[in-house]
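Each residue takes its place number in the sequence, starting with 1. Hydrogens, waters and symmetry mates are skipped; everything else that's a heavy atom, side chains included, is used.
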Amino acid sequence: MRSLLTSLFLCLCLLASPALAVAPDEVLGDPALEARARVLSAELRCMVCQNQSIDDSDAPLAKDLRVLVRERLVAGDSDAQVIDYLVSRYGEFVLLKPRFAWHTLALWAAGPLALIAGLFAIVLALRKRSSQAAQTADTPVARLSEEEERRLRALLEEQG
């Protein structure tokens with residue numbers, strides 16, 4: 001029973017590991033260049049899958065981009081030159097993490113601004129709730145008149 005559980009656990013671990021889509025025919029002979037290519041591929045978005053890097057994607061376009069990255073590295077381009085080449089060809093969308101620039105300012109500012117707005121809304125709601133609770137506590141309770149008390153007693157006697 002224990003070996004069955006161990007085998008099941010190992011299978012689940014293998015299934016949970018990321019599937020790298022780099023085919024053996026794409027791998028460069030130079031380990032240093034291949035390492036650079038892997039780092040660059042992890043930073044570039046698959047234009048088909050959109051939320052995967054080209055290193056993780058099996059799409060044909062991702063394969064073409066991986067090959068292109070390796071070709072540029074073999075040609076002697078620096079990492080920045082490879083990135084700039086792909087951005088000039090495909091636009092900023094090819095980057096999984098967009099550059100910080102004036103035209104991406106709204107993208108970078110949206111998260112912190114949403115967080116600040118949410119915190120501000122929570123503070124306002126808590127203040128409103130506490131002021132309403134204070135007003136309720138300060139409001140005197142109106143007493144029933146003698147006629148109202150008599151009617152209430154009569155209703156209670158009818159029900160009970």
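Every residue two or more places apart in sequence or in another chain was checked for a side-chain hydrogen bond (donor to acceptor under 3.5 Å, both in side chains) with D64, and none qualifies. Take D84 and apply the side chain to side chain contact (heavy atoms under 4.5 Å, CB included) test, not counting sequence neighbours, and it matches R99. Partners of Y85 under the side-chain hydrogen bond (donor to acceptor under 3.5 Å, both in side chains) rule, at least two apart in sequence or in another chain, are R89. With sequence neighbours excluded, the residues that form a side chain to side chain contact (heavy atoms under 4.5 Å, CB included) with V39 are E43. For D77, the salt bridge (Lys or Arg N to Asp or Glu O under 4.0 Å) test picks out R72, with sequence neighbours left out.
With rounding to the nearest 0.5 angstrom, the OG atom of S41 is 8.5 Å from the CG atom of L65. The distance from the NZ atom of K63 to the CG atom of L61 is 12.5 Å, given to the nearest 0.5 Å.
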- Item | Verdict with reasoning, R38 to R66, per side-chain contact (heavy atoms from CB on, under 4.5 Å) | CA-CA 9 Å; R38 287 293 178 102; R66 287 192 302 268; over 6 Å; no

- Query: Which is it for L40 and D55 under the side-chain contact (heavy atoms from CB on, under 4.5 Å) test, yes or no, and what are the steps along the way?
  - Reply: CA-CA 9 Å; L40 288 173; D55 202 39; over 6 Å; no

- Message: side-chain contact (heavy atoms from CB on, under 4.5 Å) for I54 and V94? Distances and angles first, verdict last.
- Response: CA-CA 10 Å; I54 63 172; V94 78; over 6 Å; no

Show me the side-chain donor-acceptor pairs of residues 148-155 shorter than 3.5 Å, one per line, residues at least two apart or across chains.
from	atom 1	to	atom 2	distance (Å)
E148	OE1	S145	N	2.9
E148	OE1	S145	OG	3.4
R150	NH2	E147	OE1	2.6

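Hydrophobic cluster of L115: the remaining members, joined at side-chain heavy-atom separations below 4.5 Å, are L119, listed by chain and number. When hydrophobic side chains of Ile, Leu, Val, Met, Phe, Trp and Tyr are connected at separations under 4.5 Å, L126 ends up clustered with I122. Other cluster members for I116: none, since no ILVMFWY side-chain heavy atom sits under 4.5 Å from it.
Among pairs with a residue in residues 109-131, none fulfils salt bridge (Lys or Arg N to Asp or Glu O under 4.0 Å), at least two apart in sequence or across chains.
Between Y90 and L44 there is no side-chain heavy-atom pair separated by less than 4.5 Å.
For the side-chain contact (heavy atoms from CB on, under 4.5 Å) test with V69, the passing option among I83, V82, D79 is V82; the others fail.
With hydrogens and angles ignored, the 3.5 Å screen pairs no side-chain donor or acceptor of R45 with any backbone N or O of S53.
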